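Report on the following structure.
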Amino acid sequence: MQTNLADFIRGTRDGDEAEAILRACVHCGFCTATCPTYQLLGDELDGPRGRIYLIKQVLEGAEPTRKTQLHLDRCLTCRNCETTCPSGVKYGRLADIGRRIVDQRVGRPASERLTRTLLKESLPRDWVFKPAFKAGQLVRPLLPKNLQEKLPRPAAAGAWPTRTHARKMLVLVGCVQPTMAPNINTATARVLDAFGVQLIVAPKAGCCGALRFHLNDQDGGLDDMRRNIDAWWPLVDEVEAIVMNASGCGVTVKEYGHLLAHDSAYAQKAARISSMTRDLSEIMPQFEVELGARLKGRISKRIAYHPPCTLQHGQQIRGKVEGVLRAAGVDVTLCADSHLCCGSAGTYSVLQPELAHALRDKKLQNLAATGADEIVSANIGCLTHLQSGTTTPVTHWIELVDRALAGQPSSN
């Protein structure tokens, strides 16, 4: 694709990156076949190719409009198009650049500004989110249905293991996960403890930065990333890896090296942090033989696995969770169109509820068709979003493994 960038962006870091991405695109349209919003809306501008053209026009000097902003807002950034693209177009990065510039030039209605401000100022801060979440649970029946969906009922976390091991790994507990689903982190610690790995939490680490970054507070998102690097850095020589059990966080931390490459004070540290980061599904395969021996026959339920977009498209990790579960003797299956997004996509389900619900309901229909007794996934956003539309239990896959190791019935 030929480009002629405008003076305001030409020669800048973002401009050079955007130009390289645009030039890689051959506008073949393969991406439209796997774009969830294009499938729902049937509008070229609500597919990757159309959005690429919109961003190209803005970067070449065209004045963006509210309509430009709307089409970019409707993008889930699921990155399915990146998996499909034969030319390797890094659409996600182009979308980040385009959205930032459009938001700088196109004002939003007051209601949208308020919602986005509340999201980016409250969700990444545990001391704000936790009491607000608990207060919301108390008045849950009085709230609108779309807010009730974001307030799962209280869940017990269980005990964090106290044994020490020679093998140690860091874990990012995340921002909303400890409040919304606290058992995911403790289950991760218990399972790894069972295989001789001690999980360490750096108390000052918090939100991975994705939330603010993708709400176009990119400076704030980068500050969150720097804070995590500072929290982890004194421990990096003591641990084997930094474990992520929320794939949305994992894909972001793996990109720290790229996102902070321009920061001379953090570039080298960020690159090392990214190189040490592993999704939990990349850690567990080393224990498959022992896992299979210990769990043989313990999990009798039929399980459907929903692979998050941030895992299968963002991190390009496919098959590992299923492999671990099958090694543990689990009857696990993927549903039809498992490559498509469930509609959660970070804050997307709050900002674009109609599209998010349509995608969720289609996903749940496909999951139900598997006849599964339980649905498992690997990201807190997907878990909460899917559970809001079904009575079938939706949990993190590591919780299933944890229950089995503890000898609890598979019907729990």
Side-chain angles (χ1 to χ4, degrees), residues 1-39 41-108 112 116 210 212-222 251-252 255-264 267 313-314 316 345 348 352:
M1 183 181 290
Q2 293 183 343
T3 59
N4 184 22
L5 300 191
D7 290 342
F8 79 91
I9 193 76
R10 186 188 300 120
T12 66
R13 180 172 178 265
D14 280 351
D16 290 344
E17 184 174 10
E19 186 168 33
I21 296 170
L22 288 169
R23 287 182 179 274
C25 178
V26 297
H27 44 86
C28 63
F30 287 177
C31 53
T32 58
T34 55
C35 175
T37 51
Y38 179 78
Q39 290 190 12
L41 302 170
D43 187 333
E44 175 77 10
L45 296 179
D46 284 312
R49 183 170 60 178
R51 292 184 179 116
I52 286 172
Y53 272 112
L54 289 174
I55 295 169
K56 177 178 182 290
Q57 289 173 346
V58 172
L59 297 181
E60 290 182 334
E63 196 61 32
T65 65
R66 177 70 175 144
K67 183 180 178 182
T68 310
Q69 190 177 58
L70 177 62
H71 288 301
L72 297 185
D73 284 350
R74 285 177 178 165
C75 174
L76 295 142
T77 324
C78 67
R79 295 168 67 171
N80 201 336
C81 53
E82 293 188 14
T83 297
T84 308
C85 181
S87 302
V89 173
K90 296 179 180 179
Y91 170 83
R93 281 295 300 142
L94 184 65
D96 285 336
I97 294 168
R99 282 170 166 160
R100 179 180 61 80
I101 293 169
V102 170
D103 265 22
Q104 288 173 350
R105 298 187 175 191
V106 179
R108 291 183 178 276
E112 284 190 18
R116 286 170 170 263
R212 291 208 281 177
F213 193 89
H214 293 303
L215 282 171
N216 287 324
D217 179 8
Q218 295 188 6
D219 289 340
L222 293 175
V251 70
T252 299
E255 292 176 352
Y256 277 15
H258 175 75
L259 295 172
L260 288 167
H262 65 290
D263 186 331
S264 60
H313 304 308
Q316 293 290 308
Y348 187 92
Q352 303 287 336

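Note that this is a predicted model, so its numbers are computed, not measured. Scope of the values below: all heavy atoms of this structure, side chains included, with no hydrogens, waters or symmetry mates.
- In this structure Arg49 satisfies the salt bridge (Lys or Arg N to Asp or Glu O under 4.0 Å) test together with Glu44, sequence neighbours excluded.
- Atom CG of residue Asp263 and atom CG of residue Leu222 lie 8.5 Å apart, to the nearest 0.5 angstrom.
- Partners of Lys56 under the salt bridge (Lys or Arg N to Asp or Glu O under 4.0 Å) rule, at least two apart in sequence or in another chain, are Glu60.
- Side-chain contact check for Ile97 versus Ile55: every heavy-atom pair is 4.5 Å or farther apart.
- Partners of Gln352 according to the side chain to side chain contact (heavy atoms under 4.5 Å, CB included) rule, which considers only residues two or more places apart in sequence or in another chain, are Asp73, Arg74, Tyr348, Leu355.
- Remark: Tyr256 pairs with Asn228 by the side chain to side chain donor-acceptor pair (under 3.5 Å) rule, at least two apart or across chains.
- Closest heavy-atom contact between Cys81 and Pro48: CB-CG, 3.6 Å.
- Heavy-atom minimum distance, Arg108 versus Glu112: NH1-OE1, 2.8 Å.
- The two residues Pro36 and Cys78 make their nearest non-hydrogen contact at CD-SG, 3.9 Å.
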Could you go step by step and tell me if Lys90 and His258 meet the side-chain contact (heavy atoms from CB on, under 4.5 Å) rule? CA-CA 13 Å; Lys90 296 179 180 179; His258 175 75; over 6 Å; no
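- Closest approach of Phe213 and Leu259 over heavy atoms only: CZ-CD2, 3.9 Å.
- Atoms OG1 and CG, from Thr32 and Asp43 in turn, are 12.0 Å apart once rounded to the nearest 0.5 Å.
- Partners of Thr37 according to the side chain to side chain donor-acceptor pair (under 3.5 Å) rule, which considers only residues two or more places apart in sequence or in another chain, are Arg51.
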Dump the intermediate steps for side-chain contact (heavy atoms from CB on, under 4.5 Å) on Asn4 and Arg10, then the final yes or no. CA-CA 9 Å; Asn4 184 22; Arg10 186 188 300 120; 3.8 Å; yes
N/O donor-acceptor pairs under 3.5 Å from side chains in residues 24-31, not counting sequence neighbours:
none

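- Scanning both residues, Leu54 and His71, for their nearest heavy atoms gives CD1-CB, 3.7 Å.
- Applying the side chain to side chain contact (heavy atoms under 4.5 Å, CB included) test to Arg100 and every residue at least two apart in sequence or in another chain returns Asp14, Gln104, Asn216, Gln218.
- Contact annotation: the side chain of Thr3 never approaches that of Leu59 to less than 4.5 Å [non-hydrogen atoms, C-beta and beyond].
- With sequence neighbours left out, the side chain to side chain donor-acceptor pair (under 3.5 Å) criterion links Arg212 to Asp224.
- Under the salt bridge (Lys or Arg N to Asp or Glu O under 4.0 Å) criterion, Asp96 pairs with Arg93, not counting sequence neighbours.
- When all heavy atoms of Ala18 and Leu94 are compared, the closest pair comes out as CB-CD1, 3.9 Å.
- Take Arg105 and apply the side chain to side chain contact (heavy atoms under 4.5 Å, CB included) test, not counting sequence neighbours, and it matches Phe8, Glu63, Pro64, Ile101.
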Show your working on side-chain contact (heavy atoms from CB on, under 4.5 Å) between Ile21 and Tyr91 and close with a plain yes or no. CA-CA 7 Å; Ile21 296 170; Tyr91 170 83; over 6 Å; no
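- Every residue meeting the salt bridge (Lys or Arg N to Asp or Glu O under 4.0 Å) condition with Arg23, not counting sequence neighbours, appears here in chain and number order: Glu19.
- The main-chain N or O of Ala33 is found under 3.5 Å from a side-chain atom of Gln39 such that the two form a donor-acceptor pair.
- Taking 4.5 Å as the limit, every side-chain heavy atom of Thr68 sits out of range of all side-chain heavy atoms of Val106.
- With sequence neighbours excluded, the residues that form a side chain to side chain donor-acceptor pair (under 3.5 Å) with Gln69 are Arg66, Asp103.
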